[in-house]
Amino acid sequence: MSGAVPEPTPDTLPFWEAAGRGVLSIQRCIDCAAHFFYPRDHCPTCLGDRVEWTEVSGRATLHTYLICHDPAPGFENDVPYVIAIVELEEGPRMMSNIVGVEPDPELLPLDLPLEVVFEERNSVVLPFFRPAGPA
Amino acid sequence: MSRGRIVIAGAAESTEIGRVPGMSALQLQVDAARNAIADCGIEPAAIDGLATAGHPPIDVAHYLGVRPRYVDGTRVGGCSFLAHVRHAAAAIQAGHCEVVLVTHGQSGRSRVGMTYPDPGPESMHGQFERPFGTKGPPSMLPLGVLRYMKDFGLTPEQLASVAVAQRRWAALTPRAFKRDPLTVADVLASPYVDYPIHRLECCLVTDGGGALVIMEEERAKDLRRKPVYVLGSGESSETPIITTMDDFTTSRAFRVSAAQAFREARIAHAEVHHLMIYDAFAHLPIFGLEDLGFLPRGEAGPFIEAGNTSPGGQLPLNTSGGGLSYTHTGMYGMFAIQESVRQLRGEATAQVDGVEISLAHGIGGMFNHAATLILGTAAAAVG
Ligand SMILES: [Zn+2]
């Protein structure tokens, strides 16, 4: 796969640096004791700045998705592919692609357990998700 | 300080809609603006406010030939024009201006003079969505459909019936882009654009424009058209990216915006005779009927499938054919307002009997924003 290259900003850079090391890292507000995503320089619930980067488990569930038949530029050789919203075990949701399984609705029931896997695309390491193996 | 009620005194679309390769997006909206000015007969020099989304309002005003002292360039997606009417009402009541022209024009199909920028690679969309292969609204806006199907039992046939119901209205509407009869089987036989959404469950892509002239009731008395009253309005933003919407089966922005409009209008849902719910995709009228409070969660699919929103049904919805069959330039909301105005004036081509109150509701972007207008006749404004 190819496609669009994200351009990190100062507030998101730790996410991308962690991804480059194969680590899924998102933020948590110490005062709210809750994770959030996308990255910000403060907590969007209490607006405080006692936020920390935390390595999360990478376990998630398949919250909802669609199967793309009309590819974005750079994805012409990948259709059909799954654009999914995954729900991390820690609560926040992210967009990603589902890999390691045919893009077949029969194989992709909602709430399917997933696990993160990192792959390089266009010189950027991105978090993807695949059906989880036995725990 | 108490000022008069606010009305839509003039309303018109561009002379042509659909395929208009001979006009730029700017030309389309200025054509619509001149038509709306002629529709109500106001002196162009009286226009002292201008609102638009896409092109800067300065560009539209100067190209048209007016010099506003109030501009609103709020650009919150396809519902921008509903928000503009709401903002114009407040501006007029505050005394900032007296007559606001709201314009829309897009060359969505022919792509003449269309330079609206996408969010950049540093935006949250550019960083956290586009790298995963999103390609415009079809690859994002229907993301919640599978979740809604699982949680509420919506069937593919029910989803397809939204497009069928609206095609029935379009069949009565000569200006509609698509008028051929359509069946549920036809919709389900059309290819997936993005599973589970079929091509015939996606909006059209057309060229066109529309414009409105907003002023106080008193000022409209000498003009040539029956004014349409702004009884209430609402708007709400939720999130810049669909990934972070609260719940993929319901729009918080829809709920907040509609509740505000009903509070302002001080009417009950049963008093609404006619509805326009922005239908970029077939699931949006389903979300809309529920989130606006017309139906309990999970009931909109069966309700539409049973014909309740079709011609002759109890709750006429998207009576021009909507974005699925009438026209969809990109930011469709203007055309929802136009059809509400036609229905309230009693001059729609698929006219519903006795429409006194019409609600128009728009989505902005990928469930990013919403705006709602509750419009009524003079009789409804008194009531
Ligand atoms: Zn907090």
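A, B, ... follow the sequence lines: proteins, then strands. Residue 1 opens every chain. The structure displayed is predicted, hence computed values, not measured ones.
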Can you find a pair of side-chain heavy atoms, one from B:Pro121 and one from A:Pro6, that are under 4.5 Å apart?
-> no
Dump the intermediate steps for side chain to side chain contact (heavy atoms under 4.5 Å, CB included) on B:Gln127 and A:Thr9, then the final yes or no.
-> CA-CA 9 Å; B:Gln127 292 194 56; A:Thr9 44; 3.2 Å; yes
Any side-chain heavy-atom pair from B:Met140 and A:Leu66 closer than 4.5 angstrom?
-> no
Euclidean distance, B:Leu146 CG relative to A:Leu108 CG, rounded to 0.5 Å = 9.5 Å
Please round to the nearest 0.5 Å and tell me the distance separating atom CZ of A:Arg93 and atom CG of B:Asp246.
-> 8.0 Å
Counting only heavy atoms not in B:Lys135, do more than 12 sit closer than 6.0 Å to its NZ atom?
-> yes
Interatomic distance, OH@A:Tyr65 vs CG@B:Asp194, rounded to 0.5 Å, equals 12.5 Å
Does the gap between the ring centers of A:Phe15 and B:Phe128 come in under 6.0 Å?
-> yes
Can you tell which part of B:Thr244 gets under 4.5 Å to a heavy atom of chain A, answering side chain, backbone, both or neither?
-> side chain
Can the ring centres of B:Phe248 and A:His63 be said to be less than 6.0 Å apart?
-> yes
Heavy-atom distance under 4.5 Å between the side chains of A:Thr64 and B:Lys150, does that happen here?
-> no
Under 4.5 Å to a heavy atom of chain A? For B:Pro138 that would be backbone
Yes or no on side chain to side chain contact (heavy atoms under 4.5 Å, CB included) for B:Tyr192 and A:Ile67, after CA distance, side-chain angles and deciding distance?
-> CA-CA 9 Å; B:Tyr192 289 121; A:Ile67 302 175; over 6 Å; no
With chain B, which of A:Pro92, A:Pro39, A:Pro109 has the greatest number of heavy-atom pairs at distances under 4.5 Å?
-> A:Pro39
Check whether more than 12 heavy atoms from other residues, nucleotides or ligands sit under 6.0 Å from atom CG of B:Asp247, and answer yes or no.
-> yes
So does A:Glu52 have more than 12 non-hydrogen atoms from other groups sitting under 6.0 Å from CD?
-> yes
How far does CE of A:Met95 sit from OG of B:Ser139, to the nearest 0.5 angstrom?
-> 7.0 Å
Interatomic distance, CD1@A:Ile98 vs CZ@B:Phe132, rounded to 0.5 Å, equals 10.0 Å
Roughly how far apart are B:Thr243 OG1 and A:Tyr38 OH, rounded to 0.5 Å?
-> 10.5 Å
For residues B:Arg147 and A:Asp111, determine if any side-chain heavy atom of one lies less than 4.5 Å from a side-chain heavy atom of the other.
-> yes
Has B:Arg252 got more than 12 heavy atoms of other residues, nucleotides or ligands less than 6.0 Å from its CZ?
-> no
Side chain, backbone, both or neither: which part of B:Ile241 has an atom under 4.5 Å from a heavy atom of chain A?
-> side chain
Indicate whether the side chain of B:Glu122 and that of A:Thr12 have a donor and an acceptor atom separated by less than 3.5 Å.
-> no
